[in-house]
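Every chain is numbered from 1, with letters handed out A, B, ... down the list of sequences.
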There are 2 protein chains.
Amino acid sequence: MTKPATRIQQKNRTAILQAALDVFSQYGFRGATVDQIATAAGLSKPNLLYYFPSKAAIHVALLSSLLDLWLDPLRDLDPDGDPIAEILKYAAGKLDLSRDYPRESRLFANEVLQGAPRLSDGFPALKTLVDEKAQVIRTWAESGKIADIDPYHLIFLIWAQTQHYADFDVQVRAVLGHDDPYPKAAEFLDHVLRRTLTP
Amino acid sequence: MTKPATRIQQKNRTAILQAALDVFSQYGFRGATVDQIATAAGLSKPNLLYYFPSKAAIHVALLSSLLDLWLDPLRDLDPDGDPIAEILKYAAGKLDLSRDYPRESRLFANEVLQGAPRLSDGFPALKTLVDEKAQVIRTWAESGKIADIDPYHLIFLIWAQTQHYADFDVQVRAVLGHDDPYPKAAEFLDHVLRRTLTP
DNA sequence: GTCTATATCCCGATAGAC
DNA sequence: GTCTATCGGGATATAGAC
């Protein structure tokens, strides 16, 4: 049972995952249908279910590969770097994720919004990482290298503000028009964080 | 056809809308079932459909009453008030909405996240209001009363940061534990905005 | 106005030929 | 590996008695 992994198998599997990402991120788990995903992947429905045993299995496969990607920029926060530069770099990296992986952001948002029924397994690891990095930021604050702020709410600010541009894309575009909002968003976030963090 | 509106009718209608808010906000439109809503409202499924012609009609009724509530604090932004105090008051009011109406926030988030198929009618009015208030903030910035920032991204920051605590509630609690996060969130948001806006 | 029973449709998953 | 055909469950909505 150690999958041989033909080239054609690999190709179909990734086509399915890409199509499922499109469909799940737009319609949510319940709202998505296997038929939609199969059509988007260029396969028939039974053929799709030859590669994945169920609709839920595809969803799990997507989610489990997602959390790591999502937390990577935070992992890179360096306790020995320059505090403000490190936090700005983190926020910029997170904003790049929203710009480059909006579907993944919306998949994640859909899941958390509905109580994270299939994701809550990942929360302990998330908490561990956030606790660790929050402690780094707190140390910076206590040593006076940055302003005295709550590190957890700072992290929430960065999450909320960056993910907003991916998750609420239609609303952002309804207000701003269809020009790329990311350059100005990056500039604004930079301004906010510099002001917030300066001792 | 001008509904007589018996007391019992009013009571059932509001019970249905409250129950539907619970269910839709947690499971999304497709994920919610009429049976769930009926049970939560203490009615049988056909009886529920005596009050509303369809599942979609309930959803529409909820959404259309929602946008007004959601935009009220922004409407109150007074061009003749003290700039920084006005913006802080707006942000605090919006955060109160997240605390007091988390289900409404999640209903809205579910809808926008999925492309706002049933809400896009409201976007023009939303844009008009945002444009108007952004112009107020821009005028404040140009007169040097606040820092020179982009008013639209400032509004997005306030939306994103305040709604985050309602929409991503499970994630916030997974990180912070189950204590009420709002007092510290309010304090933090206040700090961020004062720093951001000071000329 | 409220119920039981049911029509009708859609969806996930399977059977089985090729 | 891929297809057509179909099963079986569950959902929305309706029929019709009370």
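- Remark: C1' of C/dA13 and CD of A/Gln36 are 17 Å apart, rounded to the nearest angstrom.
- For C/dC3, one of the phosphate oxygens OP1 or OP2 lies less than 4.0 angstrom from a side-chain nitrogen or oxygen of B/Ser44.
- At whole-Å resolution of the value, CG in A/Leu49 and P in D/dT4 are 15 Å apart.
- For D/dT14, neither phosphate oxygen OP1 nor OP2 lies less than 4.0 angstrom from any side-chain nitrogen or oxygen of B/Ser54.
- In this entry the distance linking NZ of A/Lys55 with P of C/dG12 reads 4 Å, nearest Å.
- With rounding to whole Å, A/Asp35 atom CG is found 10 Å from C/dG12 atom C1'.
- Within the 3.5 Å criterion, the main-chain N or O of B/Gln36 finds a donor-acceptor partner in the side chain of B/Thr33.
- Of the candidates C/dT2, C/dA13, D/dG1, the closest approach to any side-chain atom of A/Asn47 belongs to D/dG1.
- When distances run from any side-chain atom of A/Pro46 to the nucleotides D/dT4, D/dG1, D/dT12, the shortest one goes to D/dT4.
- Counting heavy atoms from C-beta on, the side chains of B/Phe24 and B/Arg103 never come closer than 4.5 Å.
- Taking atom CZ of residue B/Arg13 and atom P of nucleotide C/dT2, one finds them 13 Å apart after rounding to whole Å.
- As rounded to whole Å, 14 Å separates atom P of C/dC11 from atom CZ of A/Phe29.
- Close to C/dT2, at under 4.0 Å from its OP1 or OP2, lies a side-chain N or O of B/Tyr51.
- Relative to the side chain of A/Tyr50, the nucleotides D/dT4, D/dG1, D/dA13 differ in distance, and D/dG1 lies closest.
- Within 4.0 Å (heavy atoms only), B/Ala38 reaches no atom of the nucleic acid at all.
- Side-chain contact check for B/Tyr101 and B/Asp96: no donor-acceptor pair (N or O, by modelled atom type) lies under 3.5 Å.
- Across all strands, A/Phe52 comes closer than 4.0 Å to no nucleic acid atom at all (heavy-atom distances).
- Atom CZ in A/Arg30 sits about 17 Å away from atom P in D/dG9, given to the nearest Å.
- Counting to the nearest Å, the P atom of D/dA11 and the NZ atom of B/Lys45 are 8 Å from each other.
- Comparing atom distances between the B/Gln9 side chain and each of C/dG1, D/dT2, D/dT14 picks out C/dG1 as nearest.
- Under a 3.5 Å cut-off, the side chain of B/Asp167 and the backbone N or O of A/Leu113 do not form any donor-acceptor pair.
- The listed nucleotides are D/dT12, C/dT2, C/dG1; the one nearest the side chain of B/Asn12 is C/dT2.
- Under the 30°/60° scheme for interplanar angles, the aromatic rings of A/Phe156 and A/His153 are found to stand perpendicular.
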